[in-house]
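Below: one structure, written as C-alpha cells.
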Amino acid sequence: VKRLVLAGGGHAHVEVLRRFALSRPAGAEVVVVTPEHESPYSGMLPGHLSGFYARDEIFIDVAGLAARCGARFVAARVAGIDASARTVALDDGTRLGYDILSLDIGSTPATGRARGVAEHALALKPIPLFLQGWQRLLLRAERGGMRRVAMVGGGAAGVEVLLSIRHRLLQAPGGDAIQWHLVTDAAELLPAHPPRVRRVFESVFAERGIIVHRSAPVASVQADALVTAGGLSLPADATLWATGASPPAFLRSTGLALDAAGFVEIDATLRSTSHPEVFAAGDVATMRGEPRPKSGVFAVRQGPPLAGNLAAALAGAPLVPYRPQREALALVTTGERYAVASRGRMMVRGAWVWRWKDWIDRRFMARYRG
Ligand SMILES: Cc1cc2nc3c(=O)[nH]c(=O)nc-3n(C[C@H](O)[C@H](O)[C@H](O)COP(=O)(O)OP(=O)(O)OC[C@H]3O[C@@H](n4cnc5c(N)ncnc54)[C@H](O)[C@@H]3O)c2cc1C
C-alpha cells in the first residue's frame with residue numbers, strides 16, 4: 001500500500017478528494033493534512049463581508065470530503081519537508097512518511113520589507129484568521145471606534161475587500177463618517193487588469209470618496225497609523241493588508257526546487273522539477289515556462305489534472321501533461337450586488353454580472369456538498 005499525503009485543503013485538493021470519492025485509487029492510503037476542517041472559497045469572501053452570504057456558504061467541508069473517499073484527516077499544519085527522507089514534519093511535533101506528497105497549501109500576502117505588519121495589520125490570508133479580525137473590527141465600528149480605515153494593496157483582493165467592508169460598515173451607526181484609504185505601491189489600481197476595468201474602479205473609488213495613494217510603498221505599520229517609504233504618515237484605526245502572494249517560508253529548507261520567488265517549481269505534469277514523488281498545485285506552485293497569476297481560477301483548473309496524475313503515479317502509470325489556459329475570466333465586485341467581468345480586452349458590467357458570478361460561485365460550491 002502506497003501512502004499519498006495531500007497537504008493543504010486548497011482549491012485543487014478539494015477536487016482531488018471529490019474525484020477520489022467517485023473512484024478510489026486502488027492500493028493507496030490517502031492522508032489529508034490541513035489545519036482546519038473546512039476551507040474557505042475566496043471568490044465568495046467579498047460577498048460574505050458585504051453581508052450577502054452566511055459564513056457556512058463560503059466554506060468547503062474538507063474533512064467531510066476526506067471521509068467520503070476513505071482518507072484519513074489530520075488537523076495540522078505542515079511545518080517542514082524532508083524531501084530526501086520522504087517525510088513531512090507537522091506543527092504538532094509529529095512526522096509523517098509519504099510515498100507521494102502533494103502540496104496545495106496556498107500563499108500569504110507579501111509583506112516585503114515593511115515593519116509592524118504582523119503586529120498591527122490585518123492580513124487577508126489565512127482567511128479564517130482574517131474573519132476573526134473582521135468580527136473584532138465590526139464590533140469596534142459598531143461602537144463608534146472607527147474613523148479611518150486603510151487598505152494596503154491595490155489588486156483585485158484589496159479593491160474588492162475594501163469596497164465590501166465599506167458597504168457593510170455603511171449600515172453600522174456612524175459608518176458613513178468613516179474615511180477610507182487605499183495605499184498601493186503601483187502607479188494605478190488593479191495593475192493586472194485591462195485599462196477599461198481600471199477606469200471603472202477609478203470612478204467607483206472617486207464617487208465614493210475613497211482616497212487612493214498611488215506609488216506609495218508602505219514602510220511600517222503602527223497601532224494607529226501607517227508610514228509610507230515616501231514619508232507620508234497616515235493615521236488609521238485599522239490597517240488591512242492585501243499585497244501580492246508570498247510562499248510559505250519553510251519551503252526554503254526542504255531541498256525542493258523553487259522559483260525565484262520561493263514557490264515550488266513544477267513541470268507540466270504538476271510534479272516537482274527536482275523530486276518526482278512530490279506534486280504541487282495552486283498558489284504554492286509555479287509551472288516552469290508557464291507562469292500564471294496566483295489566482296484561484298488557476299488552482300481550480302489544476303484540480304482535475306492533479307487528481308488524474310496522482311492516481312497515475314500511485315498506479316505506476318504514465319502521467320499526462322497539462323497546459324494552463326492563457327487567460328482567465330476575472331470577476332471583480334463593487335461591494336454591492338454589482339460586478340465587472342473581463343477576459344482579455346472584453347469587459348461587461350452590471351447587476352446581471354453579479355448574478356452571473358453568484359451562479360458560478362454557488363454551482364462551484366454545490367459540487368463539494370455531501
Ligand atoms: C479576498 C480575496 C479574494 C480573492 N478572490 C479571488 C477571485 O475572485 N478569483 C480568483 O481566481 N482568485 C481570488 N483570490 C485568490 C485566491 O484566493 C487564491 O489564488 C486561491 O485561494 C489559491 O488557492 P490554493 O488552492 O492555492 O490555496 P488556498 O485556497 O489558500 O488553500 C490553502 C489550503 O492549505 C491550508 N494550509 C495552509 N498552510 C498549510 C500548511 N502549512 N500545511 C497544511 N495546510 C496548509 C489552508 O488552511 C487551506 O486549506 C482572492 C484572494 C483573496 C485574498
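- Note on ring orientation: taking the six-membered ring where Trp is involved, the planes of Trp354 and Tyr53 are parallel (angle under 30°, cut-offs 30° and 60°).
- Judged purely by distance below 3.5 Å, without hydrogens or angles, the side chains of Ser102 and Asp104 never pair a donor atom with an acceptor atom.
- Partners of Ala260 under the side chain to side chain contact (heavy atoms under 4.5 Å, CB included) rule, at least two apart in sequence or in another chain, do not exist in this structure.
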message: Could you walk me through whether Asp82 and Val88 satisfy the side chain to side chain contact (heavy atoms under 4.5 Å, CB included) test, starting with their C-alpha distance in whole Å, then the side-chain angles of each, then the deciding distance to 0.1 Å, before giving a yes or no?
response: CA-CA 6 Å; Asp82 185 339; Val88 290; over 6 Å; no
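- No single ILVMFWY cluster, assembled from side-chain heavy atoms under 4.5 Å apart, contains both Leu240 and Val117.
- The side chain to side chain contact (heavy atoms under 4.5 Å, CB included) test with Val183 is passed by exactly one of Val218, Val212, Thr243: Val218.
- The ring of His181 has its center no closer than 6.0 angstrom to the ring center of Phe205.
- Sorted by first and then second residue, the salt bridge (Lys or Arg N to Asp or Glu O under 4.0 Å) pairs involving residues 296-323 (not counting sequence neighbours) are Glu290-Arg323.
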message: ring-ring contact (aromatic ring centres under 6.0 Å, His included) for His37 and Phe59? Distances and angles first, verdict last.
response: CA-CA 10 Å; His37 286 76; Phe59 278 86; over 10 Å; no
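- The two residues Ile266 and Ala280 make their nearest non-hydrogen contact at CD1-O, 3.5 Å.
- The pair Arg147-Asp237 counts as a salt bridge, with a side-chain nitrogen and a carboxylate oxygen less than 4.0 angstrom apart.
- Ion pairing between Glu336 and Arg168 fails under the 4.0 Å rule for side-chain N and carboxylate O.
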- request: For salt bridge (Lys or Arg N to Asp or Glu O under 4.0 Å), just list the numbers for Arg214 and Glu202, CA-CA rounded to whole Å, side-chain angles, deciding distance to a tenth of an Å, and then say yes or no.
  value: CA-CA 12 Å; Arg214 297 173 179 80; Glu202 293 280 359; 2.4 Å; yes
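- Evaluation of the ring pair (Phe, Tyr, Trp, His ring centres under 6.0 Å) test over residues 319-342, restricted to residues two or more places apart or in two chains, returns none.
- Counting only N and O atoms by type, the side chains of Tyr368 and Glu15 include a donor and acceptor under 3.5 Å apart.
- When the side-chain hydrogen bond (donor to acceptor under 3.5 Å, both in side chains) test is applied to Arg55, the partners found at least two apart in sequence or on another chain are Glu38.
- Note that CD1 of Ile165 and CG of Leu49 are 7.5 Å apart. Values are rounded to the nearest 0.5 Å.
- Val353 and Trp359 fall within a single hydrophobic cluster, where Ile, Leu, Val, Met, Phe, Trp and Tyr side chains are chained together by heavy-atom contacts under 4.5 Å.
- We find that Arg72 and Glu29 are joined by a salt bridge, their nearest charged nitrogen and carboxylate oxygen being less than 4.0 Å apart.
- Between atom CD of residue Gln132 and atom CG of residue Leu137 there is a gap of 13.5 Å, rounded to the nearest 0.5 Å.
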message: Determine whether Thr273 and Glu265 satisfy the following criterion, side chain to side chain donor-acceptor pair (under 3.5 Å), listing intermediate values before the conclusion.
response: CA-CA 6 Å; Thr273 55; Glu265 189 187 64; 2.6 Å; yes
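- Criterion: ILVMFWY side-chain heavy atoms under 4.5 Å apart, direct or through other members. Under it, Leu96 and Leu256 are part of a common hydrophobic cluster.
- Sequence neighbours left out, not one pair with a member in residues 267-313 passes ring pair (Phe, Tyr, Trp, His ring centres under 6.0 Å).
- Note that CD1 of Ile58 is 10.5 Å distant from CG of Asp361, once rounded to the nearest 0.5 Å.
- Glu277 and Arg86 are joined by a salt bridge, as a carboxylate oxygen and a charged side-chain nitrogen come within less than 4.0 angstrom of each other.
- Within the 4.5 Å cutoff, the side chain of Ile127 has heavy atoms near those of the Ser42 side chain.
- Because its NZ or CZ atom is both nearer than 6.0 Å to the ring centre of Phe263 and within 45° of the ring axis, Lys294 counts as a cation-pi partner of that residue.
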field: Trace of the side chain to side chain contact (heavy atoms under 4.5 Å, CB included) decision for Val31 with Val74
entry: CA-CA 7 Å; Val31 185; Val74 179; 3.7 Å; yes
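- In this structure, Ser272 OG and Asp267 CG are separated by 8.0 Å, a value rounded to the nearest 0.5 Å.
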Counting only pairs under 3.5 Å, give me each side-chain donor-acceptor contact of residues 149-162, with atom names and distances, residues two or more places apart or in other chains.
residue, atom, partner, partner atom, Å
Glu160, OE2, Thr333, N, 3.0
Glu160, OE2, Thr333, OG1, 2.6

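- Remark: Gln135 CD to Arg140 CZ distance equals 14.0 Å, nearest 0.5 Å.
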